[in-house]
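One structure is given here, and the rest of the page talks about it.
Chain letters run A, B, ... following the sequence lines, proteins first, then strands; residues in each count from 1.
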Amino acid sequence: MYEIRDNVSKHTNVYDVLKERGFIKQTTHEEEIRELLEKEKVTFYIGFDPTADSLHVGHFMQVIIMMYMQKYGHTPIVLIGAGTAMIGDPSGRTDMRQMMTPETILENGEKFKTTFSRFIDFDGGKAICENNANWLLDLKYVDFIRDIGRHFSVNRMLTAECFKQRLETGLSFLEFNYMLMQGYDFLELYRRYNCKMEFGGDDQWSNILAGVDLVRREEQEQVFGMTFALLTTSEGKKMGKTQKGALWLDAEKTTPYEFYQYWRNVEDADVRTCLSMLTFLPMEEVEELSSLKDAKINHAKEILAFEVTKLVHGEEEANKAQDAARALFAGGGSMDDVPKTVMSAEKFDGEGVGIVTLMAEIKLVPSKGEGFRTIQQGGLSIDGEKVKDTKLMVTKDMFTDGQLLLKKGKKTFHLIELK
RNA sequence: GGAUGGGUGCCCGAGUGGCGAAGGGGCCAGACUGUAAAUCUGGUGCCGACUGGCAUAACACCGCAGGUUCGACUCCUGCUCCAUCCA
């Protein structure tokens with residue numbers, strides 16, 4: 001469990017804290033929300049559809065919001081969307097999501113739950129974990145459209161931002177229903193837990209409004225919604241995407257070292273946003289670090305990378321990742337935690353192993369063809385020396401203390417260790 | 001159900017008988033640098049240890065299956081999926 005320190009902000013109202021950090025994008029009622037958060041302990045919810053087997057950085061932003069809310073005394077409901085995942089949210093998509101089997105959805109949901117409990121305290125009702133499969137799957141079609149469907153105007157839905165794109169490329173009735181499902185979630189949570197707010201990424205705005213509306217119509221009660229900026233680069237591209245796909249929180253899918261490197265390499269222009277939204281450093285410190293210029297900003301990036309890695313993978317892993325990065329890029333330091341493969345020494349007896357074969361074997365390149373190309377283009381070095389010959393045989397005597405460091409391109413390192 | 005248009009490599013997208021398929025994006029590498037950006041250059045089917053091999057070996061040769069042809073992404077037939085309009 002990660003604890004947010006008290007010095008994170010001078011503000012006492014979490015609304016001001018979130019505002020200060022640049023999270024808030026749209027609100028249904030700004031003043032009322034601020035006031036409510038000031039006066040009351042509020043129960044709020046954020047939904048997560050288990051469409052993958054690990055959370056990614058986009059989800060993580062939402063988790064951070066919940067951490068802030070919890071720190072300031074409010075009660076988060078983590079809503080696992082096993083029910084809604086059966087439908088698939090069309091928001092911001094140009095094509096339909098692939099249908100998922102209930103088994104995968106269930107499994108993913110379980111993994112989500114474990115991850116959440118690393119950041120949010122579920123003890124003694126301080127947070128609640130719910131699953132909308134609990135009510136959505138048992139709905140009766142006719143009852144549902146009579147009771148809930150009647151509150152939704154198709155005319156209005158069609159004008160909603162989230163369907164705009166899909167009206168051009170095609171939208172099935174299945175997906176069209178997503179909004180009703182999500183709206184209904186809010187109603188259920190209001191009834192069960194007196195949940196008064198729904199938060200989400202800015203792409204969830206239409207869905208959130210649907211819920212706020214529905215609760216008002218069904219219960220004659222005012223509830224609230226708020227969306228948060230999506231994590232984007234200064235050029236508006238989504239952050240947290242790597243060539244391999246998303247940047248996952250699960251160490252199996254994205255190693256702490258890779259995770260660290262991602263943040264170590266963000267663009268100068270994005271340092272501020274990242275520090276502010278993804279770390280709990282006090283704002284003065286954020287300002288100070290992000291105002292560093294030229295090469296000095298690397299210092300800020302190092303802190304960013306360390307802090308975010310620490311948050312996600314713990315201090316020990318963060319230290320290891322940092323040590324490894326320093327050893328590789330700055331020279332010196334411990335090579336213990338550099339990405340590596342241990343291989344048996346006999347393998348390198350006699351003729352040895354072809355360099356390209358070796359590269360492919362340790363997954364430094366996806367195919368041997370790529371390996372040849374890399375070497376031909378001068379993209380590979382061994383222990384700091386550029387490899388010119390694609391026919392190079394790697395033998396035992398090339399290792400120093402049983403280690404050999406391969407470097408592909410500028411930033412990809414891999415250590416081979418003999419055993 | 002009918003009519004029309006369309007399915008091309010990671011993505012977008014050209015191509016109407018010689019294509020391992022233009023162009024762009026992305027990605028990889030080189031130069032410059034600060035593990036940044038921008039810019040410029042090269043590369044990007046697979047295999048491989050080489051100026052070679054492979055589509056009767058594959059995830060992967062232009063949606064799938066046949067046919068015409070010396071030769072098919074290109075022509076023909078059937079199927080399938082998508083979009084638009086009509087019912």
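In this structure, the CZ atom of A:Phe372 is 12 Å from the P atom of B:U51, given to the nearest Å. If you take NE2 of A:His414 and C1' of B:C28, they are 18 Å apart, rounded to a whole angstrom. When the C1' atom of B:A49 is taken as reference, atom CD of A:Glu370 falls 17 Å away, rounded to whole Å. One interatomic measurement links the two molecules: CD1 of A:Ile375 to P of B:A49, which rounds to 13 Å at whole-angstrom precision. As rounded to whole Å, 12 Å separates atom P of B:G34 from atom NZ of A:Lys301. To the nearest angstrom, P of B:G52 lies 13 Å from CD of A:Gln376. One atom, CG of A:Asn298, and another, P of B:A37, lie 11 Å apart when rounded to the nearest Å. Regarding A:Tyr262, its OH atom lies at a distance of 19 Å from the P atom of B:U35, rounded to whole Å.
B:U8 and B:G67 have their P atoms separated by 25 Å, given to the nearest Å. B:A57 sits 14 Å from B:G48 when the C1' atoms are compared, rounded to a whole Å. Spacing between B:G18 and B:G71 at atom C1', rounded to whole Å, works out to 7 Å. Nucleotides B:G9 and B:A22 have their P atoms positioned 13 Å apart, rounded to a whole Å. The gap from the P atom of B:U51 to that of B:A65 amounts to 37 Å, rounded to the nearest Å. For the P atoms, the distance from B:C70 to B:U80 is 32 Å, rounded to whole Å. When the P atom is used for both B:A58 and B:G5, the distance is 35 Å, rounded to whole Å. When the C1' atom is used for both B:C46 and B:U39, the distance is 33 Å, rounded to whole Å.
Within 6.0 Å of CD on A:Glu284 lie more than 12 heavy atoms contributed by other residues, nucleotides or ligands. Remark: A:Asp143 CG is packed, more than 12 non-hydrogen atoms of other residues, nucleotides or ligands lying under 6.0 Å away. Heavy-atom contacts from other residues, nucleotides or ligands closer than 6.0 Å to NZ of A:Lys71 number more than 12. Heavy atoms of other residues, nucleotides or ligands lying less than 6.0 angstrom from CD of A:Gln376 number more than 12.
Taking the centre of each ring, A:Phe259 and A:His313 come in below the 6.0 Å mark. Side-chain rings of A:Phe199 and A:Phe228 approach one another, their centers coming within less than 6.0 Å. Between A:Tyr68 and A:His74, the gap from one ring centroid to the other reaches at least 6.0 Å.
When Watson-Crick and G-U wobble pairs are counted only if both distances are under 3.5 Å, B:G48 pairs with no nucleotide at all. Partner assigned to B:U4 is B:A83, using Watson-Crick or G-U wobble distances below 3.5 angstrom. Nucleotide B:C75 forms a Watson-Crick or G-U wobble pair with B:G67, both donor-acceptor distances falling under 3.5 Å. Remark: B:G42 base-pairs with B:C28. Criterion, Watson-Crick or G-U wobble with two distances under 3.5 Å. Under the Watson-Crick or G-U wobble criterion, with both distances below 3.5 Å, B:U35 is left unpaired in every strand shown. With a cut-off of 3.5 Å on both pairing distances, B:A60 has no Watson-Crick or G-U wobble partner at all.
Taking 4.0 Å as the cut-off between side-chain N and carboxylate O, A:Lys320 and A:Glu317 count as a salt-bridged pair.
When the nearest nucleotides of RNA chain B are assigned to A:Tyr260 and A:Ile355 by heavy-atom distance, the more 5′-ward of the two goes with A:Tyr260.
Each of B:A49, B:U33, B:G34 was ranked by its minimum atom distance to the side chain of A:Lys410; first place goes to B:U33. Checking B:G48, B:U35, B:G30 against every side-chain atom of A:Lys368, the shortest atom distance belongs to B:G48. The side chain of A:Lys391 sits closest to B:A49 out of B:U35, B:A49, B:G43. Of the listed nucleotides (B:A36, B:A29, B:G34), B:A36 has the atom at the smallest distance from the side chain of A:Lys411. Listed candidates were B:A31, B:C32, B:A49. Nearest to the side chain of A:Val356 is B:A49. Residue A:Lys408 places its side chain closer to B:A29 than to any other of B:A49, B:G30, B:A29.
Base contact: A:Gly354 has a heavy atom under 4.0 Å from a base atom. Using a 4.0 Å heavy-atom cutoff across all strands shown, A:Leu328 reaches no nucleic acid atom at all. Among the protein residues, A:Ala330 comes within range of no part of the nucleic acid, since none of its heavy atoms lies under 4.0 Å from any strand. Using a 4.0 Å heavy-atom cutoff across all strands shown, A:Leu380 reaches no nucleic acid atom at all. Among the heavy atoms of the strands lying under 4.0 Å from A:Val266 are primed sugar atoms or P, OP1, OP2 only; no base atom is included. Across all strands, A:Gln261 comes closer than 4.0 Å to base atoms (heavy-atom distances).
In this model, the phosphate group of B:G45 is not approached by any side-chain N or O of A:Arg373 to a distance below 4.0 Å at OP1 or OP2.
Between the side chain of A:Gln377 and the base of B:G42, a donor-acceptor pair under 3.5 Å is found.
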